[in-house]
Amino acid sequence: MEAKFQFLFLLFLFDVSFAQMPGFVSLDCGGQESFTDDIGLEWVPDTQVRFGEAINLSVANETRKQYRTLRHFPADSRKYCYSLNVTSRTRYLLRATFLYGNFDNNNVYPKFDISLGATHWTTIVISDANTIKVREIIFLASTPTVSVCLSNATTGQPFISTLELRQFNGSIYYTEFEDQFYLSVSARINFGADSEAPVRYPDDPFDRIWESDSVRKANYLVDVAAGTEKVSTKMPIDVNRDERPPQKVMQTAVVGRNGSLTYRLNLDGFPGFGWAFTYFAEIEDLGPTDTRKFRLVLPGMPEISKAVVNIEENAQGKYRLYEPGFTNITFPFVLSFRFGKTSDSVLGPLLNAMEINKYLEKSDGSLDGAVVASVISKLSSSDLDEGGDPCMPVPWSWLQCNSDPQPRIVKILLSKKNLTGNIPTDVAKLNSLVELWLDGNSFVGPIPDFTGCVNLKILHLENNQLTGELPSSLVNLPSLRELYVQNNMLSGTVPSGRLKKDLTLVYSGNINLHEGGKKNHIYIILGSVIGALVLLLATVVSCYFLQRRRRKSREQADVLEESKPAQKFASSKGDAPKETAHCFGVKEIEEATRGFERKIGSGGFGVVYYGKLNDGKEIAVKVLTSNSFQGKREFTNEVTLLSRIHHRNLVQFLGYCQEVDRSMLVYEYMHNGTLKEHLYAPLTRGKTISWIKRLQIAEDAARGIEYLHTGCIPAIIHRDLKSSNILLDRHMRAKVSDFGLSKLAVDGASHVSSIVRGTVGYLDPEYYISQQLTDKSDVYSFGVILLELISGQEAISNVNFGANCRNIVQWAKLHIESGNIRGIIDPSLRFEYDIQSMWKIAEKALMCAQPHGHLRPSMSEVLKEIQDSILIEREPLAREGNSDDISGNSVHSMNIGPLDLRANENYVSFDESIARPLAR
Ligand SMILES: *[C@@H]1O[C@H](CO)[C@@H](O)[C@H](O)[C@H]1NC(C)=O
Ligand SMILES: *[C@@H]1O[C@H](CO)[C@@H](O)[C@H](O)[C@H]1NC(C)=O
Ligand SMILES: *[C@@H]1O[C@H](CO)[C@@H](O)[C@H](O)[C@H]1NC(C)=O
Ligand SMILES: *[C@@H]1O[C@H](CO)[C@@H](O)[C@H](O)[C@H]1NC(C)=O
Ligand SMILES: *[C@@H]1O[C@H](CO)[C@@H](O)[C@H](O)[C@H]1NC(C)=O
Ligand SMILES: *[C@@H]1O[C@H](CO)[C@@H](O)[C@H](O)[C@H]1NC(C)=O
Ligand SMILES: *[C@@H]1O[C@H](CO)[C@@H](O)[C@H](O)[C@H]1NC(C)=O
């Protein structure tokens, strides 16, 4: 009784905790039955495969059932394929594993190739009988099935132990190259792991295998720096969403107590272009004065070391994930890297996890793929489709291809295959075909129109039941040299009068087929003799051929849809892939904004509306003007980049929404609006922002911009900094908005120059003239903002700056250089400031607004100056100098008229055709 109860209880447990993820397929190659393993994965035997041989294996220490069997294949020139169902436009992880176990008692280890579709994936080289070889690839499915094929055994026999397909949900593996490249996994490491066991399902819902850094392998994670210590936490880690590393991986890390973390590892598949991301979460308890800032150092890549990581700041808190990385970086085969603390950091670097994948260029496959798929769908034999691409990397056994980059089929050998029905007319669409052998089947109906096959030299149609006439277009094919149609049921006349001299035509054995015009005995006799010989030869060839293949059923399969290949190709273009960024539904946005009821701003990129999501979160929805982003693809790229930028002084990007005719970006809502509103409408609001508050706003904004310039690779140039792009939250802390909407800056000395963008008054004159965009253009704009903070004046005014002066920079420069700083200070500050801090900012602002970029300071220098000013302002003893002359200061008048603060943006946008770019 009790035992029975326990049994039921177990069953129940089994049901609940082992519900496998949808989109998982786990093939136990060579297995006999389905089973569920210890971690809850459901394995099924690979009985779909018609060839190869299943083998039972016994490897010491390996108890997992899926590794007690394998399937091996003959070491011939064929390829042997597994076909897996997938959902188009979805990302997957595909894992193939190989445990040799000396199954064939051979004294050479196997070496063979595996391919994914038409693409050569990798060469499997077994070097140890008892170690499992694992290969993983991440791909975006573009067709309803994918094929994994084994081929080209150089030594031993090809074999496979498991094939695992894991469907992804989100999109951290989205790359802008994913239509042309797969990601082949080279390293996925869990640092500070508490055991040698990898972390995988169910800890990782996508069953990625996070290898423990304590597994010691040759040339893998060696050269570890002294002072490297493991740390871990039990606290939950906020890993957000998507396929971020699982919490268990993020809860452990290594810390470089001596200031450095170093590692060296060999990277499978490299050198080449790769995708590499690091994952950080602050999991140590920091003291009040502790800081942790560090840089990545890669030999020979000084650019990389510019970015500084400050996990807590970047992730906006402890126990939160920060994931900087590179979507396209060149790595060598032997990768040495170091994380080193910055000179002003108290603590050494910390690293939780890392992933490195290599870009693997997809092969387009044969140009004839669609046509041949349509042809075989109409043939009655089920084993003609041998999987994968008909030509690449190894052709199917019954055809031959040429060696073009996108190969064409040149020869089809389907003699005596028991094929029935009509000859599929599509076969004539194989324009590169040179030889076609369809003899010895049971084809009925007419001979199709081969006019398109201009290269066809040899055509064998004999020994079928074909009817109708012998088309004259056929015998007149320009390249045709041999035509065999004997022993069919053809009728009519042989178009002998027009026969070319060099064509061998054999047509005996067709009762109703008569020679037309004058009889040509030579041809008939010659025809019969050659026909007999060729028939003999053909029989030999096809017998040889038959030995290598099993015969299949001959049911008529004409029912297969003609539309299938067409659909396949349509679906591979169509809908956009899933991006990293969250995609809001149109409905959701309409509800949140109550039908775009409340407009809260407008600028160069579009109009902004207030919204509130169902969960109460307030949002700002920017509806982009249609000309802001030309292409859907460009939009997708930009949005993906946006979603990777995180900093507490940058307005948080929440997602996007795309309709046919408009695109929207969704941001966190900033309660206190723009800095511009606060500066120029103080009288209408009845209060002004104090100088210390203004300095804090400047500090916040400078931090945000500094991060764009130095914390992102490639660096991001804002291009349109202005007081209306600095937003204020509930607590009047500032965040920079609209970043990343202009094109990304290209690394190093180069620049982006497609179009001059910016706002009059803030636009760097050097950039305007030369179109050479650098981060110093943002510094110029920031200088203008500092002058606005000092003066409460707009950047451009026709009235406030006196005659002949419209521009705040010229105006401020005149005053400051003549020592009259009070002439520009905002009167609404009412002398509640320290004149020294004011001088510091004013001088720095002018430095920022130097006409030449190389004379301007960097954002980091500006930030430091602002912080110094804040210290001065907080130091009461230093506050003296503001009691001096009250007269002669408010020389300028305030514009207190009703201002339309947002619609009046003077936005400039020059087309390339007007202003010729100097580069690119
Ligand atoms: C492998 O083992 C299973 C039972 O464990 C058995 O049914 C099967 O016949 C064996 N296969 C081979 C090829 O020995
Ligand atoms: C594996 O088996 C060998 C002996 O065959 C033994 O020495 C070794 O400790 C085992 N390893 C593990 C991890 O069980
Ligand atoms: C794959 O899909 C096809 C057609 O939808 C279906 O007939 C077949 O059973 C599926 N195969 C597997 C292994 O699910
Ligand atoms: C098979 O492998 C050998 C050596 O590994 C290589 O030289 C050859 O090009 C490969 N053949 C194909 C068809 O990939
Ligand atoms: C997949 O996505 C859905 C919706 O975004 C989410 O609810 C679900 O938890 C995700 N699954 C995993 C394993 O992350
Ligand atoms: C990566 O960048 C290089 C040049 O910097 C480029 O040639 C390559 O196409 C890019 N993408 C991939 C996937 O390699
Ligand atoms: C061809 O089909 C016929 C009738 O279905 C069958 O009897 C014969 O065995 C088949 N031949 C081969 C070689 O498959």
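The first residue in the sequence is number 1, and the count goes up from there. One-based numbering, in listed order, for ligands and for the atoms of each. Just so it is clear, the values below take in all heavy atoms, side chains as well, and ignore hydrogens, waters and symmetry mates.
The only option from K429, R408, Q406 that meets the side chain to side chain donor-acceptor pair (under 3.5 Å) definition with D368 turns out to be R408.
Using a 4.0 Å cut-off between a side-chain N of Lys or Arg and a carboxylate O of Asp or Glu, R91 and E243 do not qualify as a salt bridge. K65 and E33 are joined by a salt bridge, as a carboxylate oxygen and a charged side-chain nitrogen come within less than 4.0 angstrom of each other. We find that R200 and D204 are not joined by a salt bridge, their nearest charged nitrogen and carboxylate oxygen being 4.0 Å or further apart.
Residue D113 approaches ligand 4 through these ligand atoms, each under 4.0 Å from one of its heavy atoms: 14 (O). The N85 neighbourhood of ligand 3 comprises atoms 1 (C), 2 (O), 3 (C), 8 (C), 10 (C), 11 (N), 12 (C), 14 (O), with distances under 4.0 Å to a heavy atom of that residue. Residue contact check: A54 has heavy atoms under 4.0 Å from atoms 13 (C) of ligand 1.
A cation-pi arrangement is absent between R208 and Y201 under the rule of less than 6.0 angstrom and at most 45 degrees off the ring axis.
Considering each of N56, I55, T69, the one bringing a non-hydrogen atom nearest atom 3 (C) of ligand 1 is N56. Compare T154, V394, N152 by their heavy atoms: the one nearest to atom 11 (N) of ligand 4 is in N152.
Put simply, atom 14 (O) of ligand 1 has protein non-hydrogen atoms near it, under 4.0 Å away. Within the 4.0 angstrom cut-off, atom 9 (O) of ligand 3 has no protein heavy-atom neighbours. Taking a distance limit of 4.0 Å, we find that atom 5 (O) of ligand 3 is approached by no protein heavy atom. For atom 1 (C) of ligand 3, the protein comes within 4.0 Å by at least one heavy atom.
The distance from the CG atom of L414 to the NZ atom of K417 is 6.5 Å, given to the nearest 0.5 Å.
Inspection of the T122 and D113 side chains reveals no N or O donor paired with an N or O acceptor under 3.5 Å.
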